[in-house]
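These notes are about the structure you will find just below.
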There are 2 protein chains.
Amino acid sequence: MATIRDVAKEAGVSVATVSRVLNDNGYVGVETRKRVLETIERLNYSPNEVARSLYKRKSRLIGLLLPDITNPFFPQLARGVEDEVNQAGFRLLLGNSDEEATKELDYIQTFEQNHVVGIISATNNTDRENYENIDLPVVFLDRTSKHHPSVFADGREGGRLAARALIDRGSTKITLIKGPAHVQPAQDRFQGALAELSKAAVDFSVLGTTSYAFEEAKTWAEELFTKHPETDGVIASNDIVGIAILHEALRLGKSIPDELQIIGFDDIPLSSLSYPSLSTIRQPAYEMGKEAAKLLIRMIKKEQEIDQMIQLPVSLIERNTTRKVDKDE
Amino acid sequence: MATIRDVAKEAGVSVATVSRVLNDNGYVGVETRKRVLETIERLNYSPNEVARSLYKRKSRLIGLLLPDITNPFFPQLARGVEDEVNQAGFRLLLGNSDEEATKELDYIQTFEQNHVVGIISATNNTDRENYENIDLPVVFLDRTSKHHPSVFADGREGGRLAARALIDRGSTKITLIKGPAHVQPAQDRFQGALAELSKAAVDFSVLGTTSYAFEEAKTWAEELFTKHPETDGVIASNDIVGIAILHEALRLGKSIPDELQIIGFDDIPLSSLSYPSLSTIRQPAYEMGKEAAKLLIRMIKKEQEIDQMIQLPVSLIERNTTRKVDKDE
DNA sequence: TTGAAAGCGGTACCAG
DNA sequence: CTGGTACCGCTTTCAA
């Protein structure tokens, strides 16, 4: 690995001059600049980011903290973030917290130790004290915070849309699945749906769940149909759960969407490949990631607090686990 | 942020001493050590990784390069890698190459610029020259290389298993989907299946595809049934494609697995949630990630070339898109 | 327009 | 057992 000194020596100039052409600031004679550039090329030199970070006390790294990349919703967020930060010349330090406070703290510490310029966090931690004395721009993604800028989808509206969709399409005994209590977006959806169901002329019941894992989704699906065999409409807490319910319903020989309508949440890529394909409330995950990254970068550039909450719209994706709505209603 | 000098001054010792207790090497009086430790605690000091990296010329970062985290197979690999490197005290710098050589090179450059101690790459790039003059341990994941240690699943055997499964269960007009030509594991599967089909008493045809994307999977599914309407067994190039085909088959009113058997590849989490649930050849993705990380860490520790190829076994996961096999056969 | 030199925050060698 | 100090590779005054 060539260093700036090698380049300087080869080009017959000082390291200061090389640094100047590297960073394109300060005065450099046009002749000199050319010679330096040539030498850089010839030596295949590329500056040591670590040394740079040390002096500047900031790197070109951004920390991204997720609950679990294995959950199909998060890769999309992550890609949005990555694509956007890359454009601005940053790279990602990635961590999965698994909802464990210790891991989360450990990652935050590594982020700081490595001089990241900002952090994007999509975790569900309750104790926000983890983030209180971070002296860096932080944006929360897929959840809101009173203390930090955040980017999220309109969960309440999503819940409402889901409920309305089922009601409009004739379900009268609806089961609403309530996601894990500590997952904020899940609660927003739940509240939205609850509100809408409450003011409609339908029977409904609530089924509480405690996590989003694949295996457990199956368990709840079974639980759902033993507890509420008569249900004719299900609002799932997300697409995984929705697909698990669809699976179980088909196994029980129910006809979808005639006997039972199902609506999911998120619109993960695979939801269009279920059969019947899953109707769902779409969250623009990729865009959310991008927005979060944009916001963070703005904060980094301006070096000032931009206390912003960016709410992205959700939308109903009508596929085949819901009936066609009566147009003349 | 407190520095080592602050600690030294507070504790009334030299920075050298603080460094010694920090790294637990060299002699430090038990009394002194205690005092330093207390001060560290009190000042909430944690060492600056960047400064450390600069001096040591190596960080505690590992670079992970994937084709696309959005493809459900890769998050599993990534988690395996992450969990294992974390245990050894390393963190991940993540990059998605999107099969673009430029991006791949850019990431490799950032990895080097940031002093990563090793690289794990799961890309499909053909020109291995990208990796030729890297002066770092590199392990390839989910693909083999003559020039570097690698960790991968037994794709040929997987292909064979898939073909045999269908044949044993009575399919006689099999369609074999050939994945993208530049994706090595896809070709291994294909070759394995091809070999097995060739020596069996069945008719078969091959359908070539060019990518793994969700949208295109649907297109091929349609293409499949127009070109080969009479097929009674499909070997998909992966689970996404398998699920897309299942979807299309159901749409066309085919009964699964009676009229048509389908077998996928990978065993991504969602494949058990399709209906009927997808039979598939399982690759132990998480374990593959872990093995790759272990191997890399061994290379880092020993600072020597360990030229190893680790092949992990695949297995047939019988679910409901294949018939029950005749036990007395 | 250019160069010398003082750091950035650690580590490790050499004295004592 | 402890301290002084020369780096690691780059950026940025300050002088020339």
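Chain letters run A, B, ... following the sequence lines, proteins first, then strands; residues in each count from 1.
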* To do: Would you mind classifying the nucleic acid contact of Val13(A) as base, sugar-phosphate or nothing, using non-hydrogen atoms under 4.0 angstrom?
  => sugar-phosphate
* Asked: With nearest nucleotides of DNA chain C determined for Asn25(B) and Ala51(B) from heavy-atom distances, which residue corresponds to the more 5′ nucleotide?
  -> Ala51(B)
* Counting just side-chain N and O atoms, does Tyr55(B) come under 4.0 Å of either OP1 or OP2 of dC13(C)? -> no
* Asked: Over how many whole Å does the gap from Lys34(A) atom NZ to dT2(C) atom P extend?
  -> 14 Å
* To do: Remember a base hit wins even if backbone is also touched, and classify Val18(A) as base, sugar-phosphate or nothing at under 4.0 Å, heavy atoms.
  => nothing
* To do: Could you state the atom-to-atom distance from CG of Asp24(B) to P of dC1(D) in whole Å?
  => 13 Å
* To do: In whole angstrom, give the distance that lies between atom NZ of Lys58(B) and atom C1' of dG10(C).
  => 16 Å
* Rounding to a whole Å, what distance do you find between Asn48(A):CG and dG10(C):P? -> 17 Å
* To do: Respond yes when some side-chain nitrogen or oxygen of Thr17(A) is under 4.0 Å from OP1 or OP2 of dT2(C), and no when none is.
  => no
* If we only count heavy atoms from C-beta on, is the Gln283(B) to Gln76(B) side-chain gap below 4.5 Å? -> no
* In terms of side-chain heavy atoms of Ala16(B), which of dA12(C), dT1(C), dC10(D) is nearest? -> dA12(C)
* What do the steps show when you test Lys9(A) against Thr39(A) for side-chain contact (heavy atoms from CB on, under 4.5 Å), and what is the final call? -> CA-CA 10 Å; Lys9(A) 194 182 298 173; Thr39(A) 317; over 6 Å; no
* Compute both the distance and the angle, then confirm whether Arg20(A) meets the cation-pi test with Tyr27(A): under 6.0 Å from the six-membered ring centre, within 45 degrees of the axis. => no
* To do: Would you mind classifying the nucleic acid contact of Ser53(A) as base, sugar-phosphate or nothing, using non-hydrogen atoms under 4.0 angstrom?
  => nothing
* To do: Output yes when at least one side-chain N/O atom of Asn23(A) is less than 4.0 Å from OP1 or OP2 of dT11(D), else no.
  => yes
* Show the numbers, then the answer: is there a side-chain contact (heavy atoms from CB on, under 4.5 Å) between Val18(A) and Val13(A)? => CA-CA 7 Å; Val18(A) 179; Val13(A) 297; 3.8 Å; yes
* Asked: In whole angstroms, how far is the P atom of dA12(C) from the CG atom of Leu22(B)?
  -> 11 Å
* Just to confirm, is there a sub-4.0 Å distance from OP1 or OP2 of dG9(D) to any side-chain nitrogen or oxygen of Arg57(B)? -> yes
* State whether Thr3(B) places a side-chain N or O below 4.0 Å from either non-bridging phosphate oxygen (OP1 or OP2) of dG9(C). => no
* **side-chain N/O Arg52(B) vs dT11(C) OP1/OP2, d < 4.0 Å** => yes
* Option among Leu64(A), Thr123(A), Thr70(A), Leu66(A) that satisfies the side chain to side chain contact (heavy atoms under 4.5 Å, CB included) test with Asn96(A) -> Leu66(A)
* What integer distance in Å separates Arg20(A):CZ from dT1(C):C1'? -> 8 Å
* d(CD1, Ile4(B); P, dT11(C)) in whole Å -> 5 Å
* Structure fact -> Comparing nearest nucleotides in DNA chain D, the 5'-proximal residue of the pair Leu54(B), Arg35(B) is Arg35(B)
* Provide the closest heavy-atom pair for Tyr45(B) versus Ile4(B) in the form atom of the first, atom of the second, distance. => CE1-N, 3.5 Å
* dA6(D) P sits how many Å from Lys56(B) NZ, rounded? -> 21 Å
* With respect to the phosphate group of dC10(D), does any side-chain polar atom (N or O) of Ser19(A) fall under 4.0 Å of OP1 or OP2? -> no
* Asked: Under 4.0 Å between a side-chain N/O of Tyr45(B) and OP1 or OP2 of dG10(C), yes or no?
  -> yes
